[in-house]
Amino acid sequence: MLRGVMAVLGLVLLAGCAGEVAPTVETPSMYASMAREGAKVDSIAAATMISQYRQNNGLGPVVVDPALTQLAEDQSSNMARRNKLDHDAKAPLAQRLNAASYPASVAVENVSAGYHTLAEAFSGWRDSPPHRANMLKSGVTRLGIAAVYAPNTKYKVFWTLILASTEPPR
């Protein structure tokens, strides 16, 4: 009889466990794939990541600037349309800033292609001396970042990061 009670109790406990749903774990935005329609870079995560990197190197933080984000989106779209990684896909950065009436006192740009996540793009830029120098540019305080998915191209994802300041040079 004790065995029967224990068996029933065991089944009740197992039945209770079967009803539980395991919690879902959300992928951090820096690992979200941009190689899909409608994907958008988490610009706040990008600003946080780049600001921490700059802080680790004795520099100040950067904040997201919507105007620079639009310029980055336009640059990535132009590269995607041309299926070509090119700083001058439409025009050089200084001309694009002037055309948008953006009052940059200093501005630098990283472009890349083929990275599917923000973490990959950041790592690629960090490991490339010229791109690293741009992320560590003294005096920049703002950023715009974009990734554009183009499935019928060689690279699939085209990235642009613009770092700038509107403050007068010191």
Side-chain angles (χ1 to χ4, degrees), residues 26-57 59-128 130-151 153 155-169:
E26 197 170 313
T27 302
S29 61
M30 66 186 188
Y31 297 117
S33 178
M34 296 297 110
R36 58 183 171 79
E37 290 297 329
K40 292 287 181 195
V41 177
D42 182 341
S43 57
I44 301 295
T48 300
M49 184 183 294
I50 292 168
S51 291
Q52 288 173 346
Y53 182 61
R54 289 174 55 80
Q55 182 180 8
N56 290 344
N57 286 277
L59 297 165
V62 292
V63 297
V64 176
D65 183 309
L68 289 178
T69 299
Q70 184 59 56
L71 286 165
E73 182 82 27
D74 293 346
Q75 173 65 10
S76 290
S77 293
N78 280 313
M79 290 188 299
R81 272 194 293 284
R82 290 170 173 75
N83 191 16
K84 184 176 182 185
L85 180 61
D86 183 7
H87 281 282
D88 301 335
K90 183 175 181 181
L93 177 60
Q95 285 181 14
R96 288 182 273 130
L97 291 167
N98 287 335
S101 299
Y102 191 86
S105 56
V106 61
V108 292
E109 176 181 67
N110 286 352
V111 296
S112 60
Y115 299 119
H116 286 202
T117 68
L118 173 58
E120 290 173 0
F122 174 81
S123 293
W125 292 330
R126 183 197 59 216
D127 295 341
S128 161
H131 294 104
R132 179 181 189 274
N134 283 346
M135 288 197 301
L136 298 178
K137 180 76 173 172
S138 180
V140 298
T141 57
R142 301 169 175 271
L143 73 71
I145 188 167
V148 169
Y149 176 56
T153 63
Y155 298 108
K156 308 294 184 221
V157 183
F158 292 82
W159 290 85
T160 303
L161 168 67
I162 302 172
L163 297 152
S165 177
T166 57
E167 300 296 318

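Remember, predicted model here, so these are calculated numbers, not experimental data.
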Looking at [X] and [Y], what are the two nearest heavy atoms and their distance?
X	Y	result
Val106	Lys137	CG2-CE, 3.6 Å
Ala107	Ala104	CB-CB, 4.1 Å
Ala80	Thr153	O-CG2, 3.7 Å
Ser43	Val64	O-CG2, 3.3 Å

Report yes if some heavy atom in the side chain of [X] is under 4.5 Å from a heavy atom in the side chain of [Y]; otherwise report no.
X	Y	result
Leu68	Leu97	yes
Asp127	Arg132	no
Ser105	Ser165	yes
Met135	Leu161	yes
Leu85	Val111	yes
Trp159	Leu118	yes

For Asn78, all residues meeting side-chain hydrogen bond (donor to acceptor under 3.5 Å, both in side chains), sequence neighbours excluded: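 Expected list: Arg81, Arg82.
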Considering residues at least two apart in sequence or located in another chain, which fulfil the side-chain hydrogen bond (donor to acceptor under 3.5 Å, both in side chains) criterion with Ser112?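 side-chain hydrogen bond (donor to acceptor under 3.5 Å, both in side chains) check on Ser112 returns Trp125.
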Applying side chain to side chain donor-acceptor pair (under 3.5 Å) as the test, list every pair that has at least one member in residues 138-147; sequence neighbours left out.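 Checked against side chain to side chain donor-acceptor pair (under 3.5 Å) - neighbours excluded - the pairs reaching residues 138-147 are Asp65-Arg142.
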Return all side-chain donor-acceptor pairs below 3.5 angstrom for residues 29-40, not counting sequence neighbours, or 'none' if the list is empty.
{"from": "Ser29", "atom 1": "OG", "to": "Asp42", "atom 2": "OD2", "distance (Å)": "2.8"}
{"from": "Ser33", "atom 1": "OG", "to": "Ala35", "atom 2": "N", "distance (Å)": "3.1"}
{"from": "Arg36", "atom 1": "NE", "to": "Ser33", "atom 2": "O", "distance (Å)": "3.2"}

Partner residues of [X] under the side-chain contact (heavy atoms from CB on, under 4.5 Å) criterion, sequence neighbours left out:
X	result
Gln70	Glu73, Asp74
Ser128	Pro130, His131
Gln95	Ala91, Pro92

Using the salt bridge (charged side-chain N to carboxylate O under 4.0 Å, His left out) rule, collect all pairs that involve residues 88-115, keeping only residues at least two apart or in two chains.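 Counting only pairs at least two positions apart or across chains, the salt bridge (charged side-chain N to carboxylate O under 4.0 Å, His left out) contacts touching residues 88-115 are Arg96-Glu109.
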Find the distance between [atom1] ([X]) and [atom2] ([Y]) and round it off to the nearest 0.5 Å.
X	Y	atom1	atom2	answer
Asn83	Lys156	CG	NZ	8.5 Å
Arg54	Leu163	CZ	CG	7.0 Å
Ile50	Leu59	CD1	CG	12.5 Å
Thr160	Met79	OG1	CE	3.5 Å

Counterpart residues, ring pair (Phe, Tyr, Trp, His ring centres under 6.0 Å), relative to Tyr115 (two or more places apart):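 Checked Tyr115 against ring pair (Phe, Tyr, Trp, His ring centres under 6.0 Å); zero matches.
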By ring pair (Phe, Tyr, Trp, His ring centres under 6.0 Å) - contacts of Tyr53 (at least two apart):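 So Tyr53 forms a ring pair (Phe, Tyr, Trp, His ring centres under 6.0 Å) with Phe122.
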